[in-house]
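Everything below concerns the one structure shown next.
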Amino acid sequence: MFDFSGKTVLVTGGAQGIGKEVVRGVVAGGGHGVILDLNEEKAQQTAGELGNCSAYRIDLGDPGNIREVMARVLGDFDRVDALVNCGGVVSTLPFQQITDAEWERTLRINLTGTFTMCSAIYPYFMEKKGGRIVNVSSVAGKIGGGLLGTAAYASSKAGVNGLTKAIAKEGGKYGISCNAVCPSFTKTAMTKGLSEDPEKEAKVLSIIPLGRAADPSEPAQMILFFASEAASFVNGEIGDCDGGIVLD
């Protein structure tokens, strides 16, 4: 649906789920997808399946590794046009059960990992006089959790929303746009536990006006829009792909 002819798009968490569908859309649009994922075997498998892809192992919980891998990636391609931060973890513990370690891990991967990815590519985009960043957040970051993730997860994604707006505000003068997408319940490996509990799943679906979960390809379409030139004058937008939960 979107034109990525001659473009190179980096996608963290691109080996499966929503990230994989984003890579699929990039390739279908004539672009080259670069899968950045902790699961190197799965990343290579996805790259082989989709074609016109490269795959790198990256650890979003390790800032040093992120910067090392990003330096290598940016040196391997003549031009990188967009970054999609899709990788992350969920935290479902009730507030009173969240340990310091659980809190730190969730924010380190979801928020600090996103910051470090953006920080690693920002000078490159400044030098190239432009680039597109799309951060995959969550409806949890707007409503305080309550679907799948709880306090730690919601806080990490609320931070991603604020980070997105800050980068959009500061990066605009360099031609750098930064937008975010907030999915709700989407059928992925991350939500498998919820899908396997009919009572919990029914409770979650009852608060989604459309009455169903999303297929990974659905939030991927909004991500692809933000990553493409079709969104050339969109910057700092926190877009909802949630079946009508937030309604803002």
Side-chain angles (χ1 to χ4, degrees), residues 1-90 109-110 113-114 116-118 120-121 124-125 128 131-136 138 181 183 186-193 195-196 213-230 241:
M1 292 181 65
F2 299 102
D3 184 12
F4 290 96
S5 300
K7 296 186 180 298
T8 299
V9 180
L10 314 185
V11 185
T12 70
Q16 59 188 337
I18 295 172
K20 179 177 179 179
E21 294 308 310
V22 172
V23 177
R24 188 191 305 277
V26 169
V27 173
H32 185 84
V34 180
I35 301 169
L36 303 169
D37 205 284
L38 184 62
N39 189 334
E40 187 174 12
E41 182 179 352
K42 188 73 174 177
Q44 294 288 355
Q45 180 183 331
T46 298
E49 174 190 339
L50 299 181
N52 200 21
C53 291
S54 302
Y56 296 77
R57 183 187 182 278
I58 200 166
D59 183 354
L60 296 178
D62 182 347
N65 176 256
I66 291 174
R67 294 189 185 278
E68 177 187 336
V69 174
M70 284 296 288
R72 190 161 75 247
V73 170
L74 295 175
D76 285 348
F77 296 92
D78 292 335
R79 184 178 180 92
V80 171
D81 301 275
L83 164 66
V84 176
N85 288 306
C86 196
V89 295
V90 70
I109 294 171
N110 290 355
T114 299
T116 309
M117 287 294 303
C118 293
I121 204 168
Y124 174 89
F125 280 161
K128 297 293 184 181
R132 308 194 68 81
I133 298 172
V134 187
N135 296 323
V136 180
S138 170
V181 174
T186 306
K187 295 282 190 177
T188 67
M190 184 181 285
T191 63
K192 185 179 179 182
S195 300
E196 291 175 345
D215 182 84
S217 64
E218 294 177 301
Q221 292 305 308
M222 182 176 278
I223 296 164
L224 288 163
F225 167 67
F226 284 151
S228 75
E229 289 304 316
C241 186

Please name all residues satisfying side chain to side chain contact (heavy atoms under 4.5 Å, CB included) with Pro216, sequence neighbours left out, ordered by chain then number.
Ile18, Glu21, Thr186, Thr188
Inter- and intrachain pairs under ring pair (Phe, Tyr, Trp, His ring centres under 6.0 Å), touching residues 8-33, at least two apart
His32-Phe77
Salt bridge (charged side-chain N to carboxylate O under 4.0 Å, His left out) partners of residues 67-81, not counting sequence neighbours, each pair once:
Arg79-Asp81
With a 4.5 Å limit on heavy-atom distance, are the side chains of Val9 and Val34 in contact?
no
With sequence neighbours left out, what residues match Ala230 under side chain to side chain contact (heavy atoms under 4.5 Å, CB included)?
Phe2, Phe225, Ser228
Tell me every residue that passes side chain to side chain contact (heavy atoms under 4.5 Å, CB included) with Leu50, counting only those two or more places apart in sequence or in another chain.
Lys20, Val23, Arg24, Thr46, Cys53
For the side-chain contact (heavy atoms from CB on, under 4.5 Å) test, which of Val69, Ile35, Leu10 pairs with Ile58?
Val69
Residues forming a side-chain hydrogen bond (donor to acceptor under 3.5 Å, both in side chains) with Glu218, sequence neighbours excluded
Arg212
Audit row: Val11, Leu36, side chain to side chain contact (heavy atoms under 4.5 Å, CB included) steps and yes/no:
CA-CA 6 Å; Val11 185; Leu36 303 169; over 6 Å; no
Considering only residues two or more places apart or on different chains, which pairs with a residue in residues 51-61 satisfy salt bridge (charged side-chain N to carboxylate O under 4.0 Å, His left out)?
none
Applying side chain to side chain contact (heavy atoms under 4.5 Å, CB included), name anything that partners Phe125, two or more places apart in sequence or on another chain.
Ile121, Ile133, Ile176
If the condition is side-chain hydrogen bond (donor to acceptor under 3.5 Å, both in side chains), which residues does Asn135 pass it with, not counting sequence neighbours?
Asn85, Thr164
For Lys187, which residues count as a salt bridge (charged side-chain N to carboxylate O under 4.0 Å, His left out) partner, sequence neighbours excluded?
Glu201
Contact list for residues 5-15, test side-chain hydrogen bond (donor to acceptor under 3.5 Å, both in side chains), sequence neighbours left out
Asp3-Ser5
Going by side-chain hydrogen bond (donor to acceptor under 3.5 Å, both in side chains), name the pairs with one or both residues in residues 35-45, residues two or more places apart or in two chains.
none
